[in-house]
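Within every chain, numbering begins at 1; the chains are lettered A, B, ... in the order of the sequence lines, protein sequences first and strands thereafter. Values reported hereafter were calculated over all heavy atoms of this structure, with side chains retained and with hydrogens, waters and symmetry mates removed.
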Protein chains: 2
Amino acid sequence: MDRCNATELLRLKNVKVTRSRIAILDEIIASDNPVNAIDLHNGLSGQLTVNLATVYRMLKLFVDVGILREAFADNGTQYFEMACVHNPAHAHFQCSKCKRIICLSPLTFEDTILFSEASKIGEINEINIKLKGICQKCRSTA
Amino acid sequence: MDRCNATELLRLKNVKVTRSRIAILDEIIASDNPVNAIDLHNGLSGQLTVNLATVYRMLKLFVDVGILREAFADNGTQYFEMACVHNPAHAHFQCSKCKRIICLSPLTFEDTILFSEASKIGEINEINIKLKGICQKCRSTA
DNA sequence: ATATAATTGCGAATAGTTTGCAAGTAATTC
DNA sequence: GAATTACTTGCAAACTATTCGCAATTATAT
């Protein structure tokens, strides 16, 4: 799977390139699933440490400049994912039992027909779809 | 628009019928938009007062027994709506500027084709779609 | 009417997130 | 390469939404 380069991406978006930002953004780029602030904060490997408040500030900044999108909220926690060309918009499935998140295939043009009504109401620039249920594993284990 | 009767609904779901529950449920039934705990707490008219913690407990209970569904989360706040026959599942549009929420038309059978992939992953029992953008009003005002 | 079990109010706790401010650091200019 | 400037960061405290324990209250079954 192709991934973005953190430094290039930051530079491209005209935000200052700092050690901390690269470290956090690298984590997000490397993750196959949406991430939250606390995981990112804990997930820092090795010597570098980034304050949790700073992580939150980064997440907000990254969303503002279009590096990230908010994937979904789970139980009052915000999850984010890359908003780059390598990660087109898609729905998420969450198992209510094991809480596991699965990213579904990118939304297709046909899918967006679903939103024709909404496009009459306004200009859509964010689509958020979350499906909840019981995954196969949990179903067979039950 | 047809609406449920709070007392009947509570009885039907086998949960105890109390003054407080009726008051809160009545508010939700009467609302044309998803509601949150604090609005419900503030929205109590007249003499009856229900503790905020109790409102949260009710919301959780009502979701558990299937009276309510979680409509969406906005900025860390949960919004709920009736899950009865009068209010079939539907997507929500939110204007990022004026924050107004608009309920879209009920999801159709065709819409659910979108979820065929997910149904291979597990049994879906909750669908959550939120669209964000700028509504016509805000666009013309800008 | 009484008994029983569930519900509620209250206060305090918790979790996630935001903010102010002083100190630190990246990028710019000389 | 050092000085300047504006942006970033750490820290501690504030804030918001939500949850919890416990004692007092209340709905239903007897």
> Both Gly76(B) and Thr54(B) contact DNA chain D. Taking the nearest nucleotide for each, which residue is further toward the 5' end?
Gly76(B)

> Looking only at atom types and distance, does a side-chain atom of Ser20(B) sit under 3.5 Å from a main-chain N or O of Val50(B), one as donor and one as acceptor?
no

> Within this structure, what is the OH-to-C1' distance between Tyr79(A) and dG16(C), rounded to whole angstrom?
11 Å

> dT17(C), OP1 or OP2 - any side-chain N/O from Tyr56(A) closer than 4.0 Å?
yes

> Any side-chain heavy-atom pair from Phe93(A) and Arg100(A) closer than 4.5 angstrom?
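Not touching, per the 4.5 Å side-chain cut-off.
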
> Check whether the side chains of Lys99(A) and Gln94(A) place a donor and an acceptor atom closer than 3.5 Å, and report yes or no.
no

> Once you apply a heavy-atom cut-off of 4.0 Å, does Leu52(A) come out as touching a base, just sugar-phosphate, or nothing?
base

> Report the distance from atom CG of Asp64(A) to atom P of dT18(C), rounded to the nearest whole Å.
11 Å

> Out of dT9(D), dT8(C), dG9(C), which nucleotide sits closest to the side chain of Ser20(A)?
dT9(D)

> Separation of Leu40(A) atom CG from dG16(C) atom C1', in whole Å?
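Roughly 14 Å, once rounded to whole Å.
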
> Let's see if you can work this out: which of dT18(D), dT17(C), dT8(C) has an atom nearest to the side-chain heavy atoms of Met58(B)?
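Between dT18(D), dT17(C), dT8(C), the one nearest the side chain of Met58(B) would be dT8(C).
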
> Taking atom P of dT17(C) as reference, at what distance in whole Å does atom CG of Asp39(A) sit?
11 Å

> Using a 4.0 Å heavy-atom cut-off across all strands, classify Val15(A) as base, sugar-phosphate, or nothing.
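Counting heavy atoms under 4.0 Å across all strands, no contact is made by Val15(A).
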
> Is the side chain of Lys16(A) donor-acceptor paired with the backbone N or O of Leu10(A) at a distance under 3.5 Å, no angle test?
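Absent.
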
> Please determine, for the side chain of Ala37(B), which listed nucleotide (dT8(C), dT18(D), dT8(D)) has the closest atom?
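Nearest listed nucleotide: dT18(D).
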
> Ile38(A) CD1 to dT18(C) C1': how many Å, rounded?
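To the nearest whole Å, that distance equals 13 Å.
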
> In whole angstrom, give the distance that lies between atom NE2 of His41(A) and atom C1' of dG10(D).
10 Å

> Just to confirm, is there a sub-4.0 Å distance from OP1 or OP2 of dT26(D) to any side-chain nitrogen or oxygen of Thr18(B)?
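For dT26(D), OP1/OP2 do not have a side-chain N/O of Thr18(B) under 4.0 Å.
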
> Of the nucleotides dT18(D), dT8(C), dC21(C), which has the atom closest to the Arg57(B) side chain?
dT8(C)

> Any idea which of dA17(D), dA6(C), dG9(C) is nearest the Thr77(B) side chain?
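It is dA17(D).
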
> Any side-chain N or O of Arg19(A) below 4.0 angstrom from OP1/OP2 of dT25(C)?
no

> Report the nucleotide, chosen from dG16(C), dC11(D), dC10(C), that has the shortest atom-to-atom distance to any side-chain atom of Ala53(B).
dC10(C)

> For Leu10(A) and dC7(D), give me the distance from atom CG to atom C1', rounded to whole Å.
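Distance, rounded to whole Å: 14 Å.
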
> When you measure from the side chain of Asp111(B) to the backbone of Thr108(B), do you find a donor-acceptor pair of N or O atoms at a distance under 3.5 Å?
yes

> Look at the side-chain N and O atoms of Lys60(B) and state whether any lies under 4.0 Å from the OP1 or OP2 oxygen of dT19(D).
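For dT19(D), OP1 or OP2 has a side-chain N or O of Lys60(B) closer than 4.0 Å.
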
> Let me see the working for Asn36(A) and Asp39(A) under side chain to side chain donor-acceptor pair (under 3.5 Å), right down to the final yes or no.
CA-CA 6 Å; Asn36(A) 65 42; Asp39(A) 292 344; 3.3 Å; yes

> Leu48(A) has an atom CG; how far is it from atom P of dT8(D), in whole Å?
17 Å

